[in-house]
Structure formats: C-alpha cells, structure tokens
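See structure below.
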Amino acid sequence: MSDAPGRDFIRQIIFEDLESGKHDEIVTRFPPEPNGYLHIGHVMSICLNFGVGVENDGRTFLRYDDTNPGKEKQEYVDAIERDVHWLGFDWGDRLTHASDYFERLYESAEKLIELGVAYVDDLSAEEIREYRGTLTEPGKNSPYRDRSVEENLDLFRRMRAGEFEDGTHVLRAKIDMASPNMNMRDPTIYRIRHLDHQRTGDTWCIYPMYDYAHGLSDAYEGITHSLCTLEFEDHRPLYDWFLDQLQPEHRPRQIEFSRLNLAYTITSKRKLGLLIENNVVSGWDDPRMPTIAGMRRRGYPALALRDFVKRAGVTKKDKLIEMGALENCVREDLGDIAERRMAVLRPLKVVLTNYPEGQVEMMEAMNHPNNPDMGTREIPFSRELWIEQDDFMEEAPRKFFRLKPGGEVRLRFGYIIKCEEVVKDADGNVTELHCTYDPETRSGAGSSDRKVKGTIHWVSAAHGIRATVRLYDRLFTVPDPNGVDDFMDILNPDSLETVAAFLEPTLADVTGNDPVQFERLGYFCPDSKDHTVENPVFNRIVTLRDSWAKIEKQAMSGS
RNA sequence: UGGGGGAUCGUCUAGUGGUAGGACUGCGGACUCUGACUCCGCCAACGGGGGUUCGAAUCCCUCUCCCCCAGCCA
C-alpha cells in the first residue's frame, strides 16, 4: 500500500487518527435497515466500512438499524447477510442490532430527562409539524416543553408501560426551536408504536428514532468512524449533541460521503419495491434489478462489483456513473475466468452440401484463447449446422466480414465454408443456406493455410441443446430515473428479451451458475432459479464489446 | 430571501502555490480462427469574473449553478 494518491479523504482522516494516536484500533460498522434488499449503493458502503476495517486490522460490525418495527422483516435480514458474505466480507461475531440496545437506550433517555434536556410532548404529529416552522421561519416552543423532570419521567415511564395510544405522546430533545438546522428543532427521540418487533416481540411499545439510536449504538460498540451518506450531514450536530449530553465512554465521529448512483437505474428501496408490485420485474433478485441479489443472479462477479466501487472512489461529490463503467469491470473480471463456449441465439440453418451425410467429426476447441491451462473440449461437427442470423447478409456492405452469397467464412474450430445458395420461403425470407466446405481447412490440422477475413460461431443442428436465453437491458430509458416521480412512464419496454437458442453439447449438464462466454456474443450464466438440465435457462450477464455494431450504427446515421 | 454540502475531460477520479495525471467512454490504428482480448496512438477538463503572487485547480473576494433538510422514516 502506497500513500497519498489512492487514499480517499476518509481513509486519509483515519490514517491521521492512527498516526496521531487518537485511535489505536479502527472500528466501523455497516448499518442497514432490514426493510428491503441491498443494492449497488450499499455495495459502496459495505466495501468502504469493511474495507477500512480490513485495511487497518480493525473491526467492522454488521448492525441492523431495526428501530422501526412494521417496516422491517426477517426475509430482509437473511438477504442482507447472504449479500454481504457473497461480496466477500465477514463480520465475525460482530452481528448486532440497534434493538440489542433498547434497554440501554431507554435508560439513557431517562437520563436526558433528568438532565432537563428531554421532555414528553402531547402535541399531535400534525401540531408538531406546525410548531416546527419552515426552512425560513423559526419554530415555536411546544406548550409542554417546560414540564418538570418528575412529570416527564412519569409520563415517559407510562409511555413505556403502554398506557398511551400510538401518536399521543413523544419524547423530544429540548434543543432549539429556532435553530436554522431543522434537525435541531426539538427532534423526536421516542415514539409510541404498539407493534411487535421482529426481534423483541411485544417487549416494547416505544421505539427510539434513528438519530438517537444510531449515535449511541455507535458509541456502545466503540465505533471510531461512523461513515454514512451525505444526506445525514446536517444530522451530525444532533449526532454530536446526544454524545455531548450523555458522555458515553467512546466517542464516535460521523463522516459523510456521497452516494453512488448508476445511470439508468434507481436505488430507492420503495421504488424498487413498486417495480416488483407492478410486475415490472419478477422480484428483488430479478437479474435486471440493481440489488446485490439481482446482480448476483445476473452473473456479475462479486469481485467486479468491488472493483467498480473502488474505481468510483469515495468523495463528497454527487455521482451518476455510466453503466459502461460497471460493465467494463464485469467484462474485465469475466474475460480471464470464463471458459468459452459456442451458442447460437437466433438460429439460421446451414447445410454443407458436400459434407457426407451422417458423418460427425469432433473438433477440438480451446476453453480460453489466452490461457491454454484452461484446456480444450471437443465439439461435434456435422452436415447441418446453426449459425447466427446476424452472420449472414444477402446484400452485405463492403466491411461485412461474415457470410454472404458466394462468400467465404471460417467456422470457428471448424472449416472454411462458402455460401452457394440462399433458400427462401414463399415470402422471400431466408430459411436456409446451402454451403460447401473446404476439407483442406480443418481447424488446427488443416493442410491449407488459407485465410479468410471472418470467423463465425456455430452449433451442430443434430447435437445442439435447446435452451432459453434471457437478454437483459437497462430498466429505464432516461439516465437519471431517480429524479422522475412517475417512473412507470420511463420504463424500457425491451429490458428483457427471451430467445430460443441452441447450445454446444458441452453445455448440456451444467448445474452451477458459473459464468461462461458464448463466443462473439457475451458472458452468460445459468439462471440460479430457473435453470435445469432438462430446461436450460441462461442469463446474459453482459455483451462483448462490439465494434461491428458501432460500424453499423455509424453507417445508419451516416446515410 | 434559513441552514448544510458540492463544482477538474462526456463519466468517475488524482492534484493541497511550480509541466493538470489516471480510469471508463469516444475516435484512429496494429494484431486476430471471437469485429473479443491485447497493444499503440488521438480527442477531451480546472463553473464565471476579479485579486494576491515570478508563478494559482490550489490562497483571497465575488457571482453562478447543482444536491440535501420542514417524518412520530432510515
């Protein structure tokens, strides 16, 4: 690890705190609320918090911020643990919950009352809002603000005892109703919720608010650096205020960084939930979702995700990162590790008229062009083959290196073939190509060193495996859907395309969901939910870079 | 017309008074039994205006733009 460049502003602060002796151990925490699935934005936070811990031989807690029963579910708790582990991080025995501290938090709240800096308010939610004032006008004090310590204590204990209905009382911090910072205008500390909590059951009917519970939980765990996103910046004075009042043994410091936004995607848990409710996607782990579960199912490697957020960096500037940056990381990782296979997504029949009927040759194919250690496999070659519809053009432009009438092309790991005849149906659609092959040009062993410009992939018609392949695209049509209220209007109708494909036979019995490259097409993996040996279902993780597509695009816009 | 933050190539990011660098994208080329990979090259930025200084992205003044905050959500 070298210094200065490469160290973001948070790591710089931590470095200095270690240098100066302010801390001799770094303790961080990743504190999700279990009210939804983790998404790409959380990957950033996870990598930062756990990364900083690992880099400094420190400790990192996975702490559930479960202070709001009703919104939180065990399903989400389980998903979060799975996702963090999958990303490659481990919290050891440091799995905690804000709810672990409910008793301590309660006691501290009584202490705030005794200190005279907290009071029970009888105002309704609506009245509190009215009393709060606006961004430009100060608020005014609640008529209940000056109750005695005894009265407050009595009321608060009765709140806990369940004597009051939801919404009738809250405990508030007594700070400053005229503060220019809205968070300091006597924020609520406890509210009444006669609701079972997923962990504490019916033990409590009052629950602490985030601002109160969070800083103290940090303190209880000895967190040194409490890293959160920018929108909590003006909560920091309140975070510090609680610590000032209660003087816990450890004093954590909150530092804020900017969220990571990905172009053409949303990360609001609420909106993601709506996509599911409206059946736009199949669930939290739909491969189009920006959730960790979705990206995992899509086939994005954990390493690629980690690399991506590392490259995005930690700053305080709003980010809207291009999709291409993520895709680049995915390709970069997969390029080295994914074995190559052949598959035809949109089949067109080719008949080799001079190839003996019934003959089958086994062709040797490299599993990876740049890494012989990954071995070879054998693929059957026969008289009738599938090739990609896109690999044939009847009237081809000059730069088209694939098959055209009278033209030649190499079949990858096979022979050079020549297109002799185009067979069409009554409507003029091309249904079949009659070609001849050159026996001297067998891959590897060929006696001819003849070269042709194009090489295309293929699958033997008699041996190909039928499979469903799902092709994914962005979910939205605009770069920043976060800003759009009715996001149903900007959905990409083509975010999922399903095709019936033919796969080379070596793909017949894959069971895991290891990624492979379908040569010339992209990276694919068996779908973790729907794939079976009987009914193979593959997801396209990401396409390959396609410079031909660019040429085509230019030609289209140019003419 | 309150408060808190932020502005560097299209995108992300380095830089802390001394040649504005990297990554992604884009463009051009080499190579190629994947139009992939790899390699080479190119385009491209300090929000505006003043000031201090031999010298400013960096310091000062000023303006502009963007984001966040009025939950008994986190």
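Just so it is clear, the model here is predicted, and its values are computed rather than measured. Naming convention: chains lettered A, B, ... in sequence-line order (proteins, then strands); numbering from 1 in each chain. Just the heavy atoms: all of them, side chains too, but no hydrogens, waters or symmetry mates, feed the values below.
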Using a 4.0 Å heavy-atom cut-off, does [X] contact any base of the nucleic acid, only the sugar-phosphate backbone, or nothing at all?
| X | result |
| --- | --- |
| A:F413 | base |
| A:M209 | sugar-phosphate |
| A:R311 | sugar-phosphate |
| A:R185 | nothing |
| A:E233 | sugar-phosphate |
| A:F400 | base |
| A:R172 | nothing |
| A:T134 | base |
| A:S258 | nothing |
| A:I192 | nothing |
| A:G167 | base |
| A:A125 | base |
| A:I321 | sugar-phosphate |
| A:F232 | base |

Check: A:E322 side chain, B:G10 base, donor-acceptor under 3.5 Å: yes
The glycosidic conformation of B:G41, counting syn as within 90° of 0 and anti otherwise, is anti
So which protein N/O to nucleotides 38-45 of chain B N/O distances come out below 3.5 Å?
none

Between [X] and [N], is there a side-chain N or O to OP1/OP2 distance below 4.0 Å?
| X | N | value |
| --- | --- | --- |
| A:T136 | B:G3 | no |
| A:R191 | B:A74 | yes |
| A:T315 | B:U13 | yes |
| A:K319 | B:U13 | yes |
| A:Q12 | B:U16 | no |
| A:R410 | B:G35 | no |

Taking the minimum atom-to-atom distance to the side chain of [X], which one of [options] wins?
| X | options | answer |
| --- | --- | --- |
| A:K550 | B:G26, B:A14, B:G2 | B:G26 |
| A:K71 | B:A70, B:C73, B:C33 | B:C73 |
| A:K451 | B:C72, B:G4, B:C33 | B:C33 |
| A:M182 | B:A70, B:A74, B:C27 | B:A70 |
| A:K316 | B:A74, B:C12, B:G5 | B:G5 |
| A:D546 | B:U34, B:A70, B:G35 | B:G35 |
| A:N183 | B:U34, B:C69, B:C73 | B:C69 |
| A:V170 | B:C67, B:A74, B:C72 | B:C72 |
| A:Y210 | B:C33, B:A74, B:C72 | B:A74 |
| A:A312 | B:C12, B:G4, B:C72 | B:C12 |

Under a 4.5 Å cut-off applied to non-hydrogen side-chain atoms, are A:S99 and A:H197 in contact? yes
May A:W548 be described as stacking on the base of B:G35, applying a 5.5 Å centroid limit and a 30° limit on plane angle? yes
Results of side-chain hydrogen bond (donor to acceptor under 3.5 Å, both in side chains) for A:R377 - residues two or more places apart only: A:N367, A:E504
For A:E233, which residues count as a salt bridge (Lys or Arg N to Asp or Glu O under 4.0 Å) partner, sequence neighbours excluded?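 A:E233: salt bridge (Lys or Arg N to Asp or Glu O under 4.0 Å) contacts with A:K316.
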Under a plain distance cut-off of 3.5 Å, with no hydrogens placed, do [Y] and [X] share a side-chain donor-acceptor pair?
| X | Y | value |
| --- | --- | --- |
| A:R7 | A:Q12 | yes |
| A:T96 | A:R63 | no |
| A:R185 | A:N141 | no |

Should the heavy atoms of other residues, nucleotides or ligands under 6.0 Å from NZ of A:K418 be counted, would the total exceed 12? no
Could you check which nucleotide pairs with [N] in any of the strands shown, counting Watson-Crick or G-U wobble with both distances under 3.5 Å?
| N | result |
| --- | --- |
| B:C9 | none |
| B:G18 | B:C54 |
| B:G2 | B:C69 |
| B:C27 | B:G41 |

Given RNA chain B, 5'-ward residue of the pair A:R520 and A:L320, judged by closest heavy atom: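 By nearest-heavy-atom nucleotide position, the 5'-most residue is A:L320.
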Which comes earlier along RNA chain B counting from the 5' end, the contact point of A:R402 or that of A:R236, where each point is its nearest nucleotide? A:R236
Any donor-acceptor pair under 3.5 Å linking the side chain of [X] with the backbone of [Y]?
| X | Y | answer |
| --- | --- | --- |
| A:E72 | A:G36 | no |
| A:R259 | A:G41 | no |
| A:Y64 | A:V77 | yes |
| A:Y190 | A:R160 | no |

[X] has an atom [atom1]; how far is it from atom [atom2] of [N], in whole Å?
| X | N | atom1 | atom2 | answer |
| --- | --- | --- | --- | --- |
| A:D307 | B:C24 | CG | C1' | 11 Å |
| A:E231 | B:C73 | CD | C1' | 12 Å |
| A:K553 | B:G35 | NZ | C1' | 16 Å |
| A:R29 | B:A74 | CZ | P | 15 Å |
| A:N328 | B:G26 | CG | P | 10 Å |
| A:F308 | B:U13 | CZ | P | 11 Å |

Ring centers of A:F538, A:F524 separated by less than 6.0 Å: no
For residues 126-138 of chain A, pull every pair meeting salt bridge (Lys or Arg N to Asp or Glu O under 4.0 Å), keeping only residues two or more places apart or in separate chains.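 Passing the test, one end in residues 126-138 of chain A: no pairs.
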By side chain to side chain contact (heavy atoms under 4.5 Å, CB included), which residues pair with A:R270, not counting sequence neighbours? A:S268, A:L274
Residues of residues 452-460 of chain A with any non-hydrogen atom less than 4.0 angstrom from an atom of RNA chain B: list those, numerically ordered, please. A:K453, A:T455
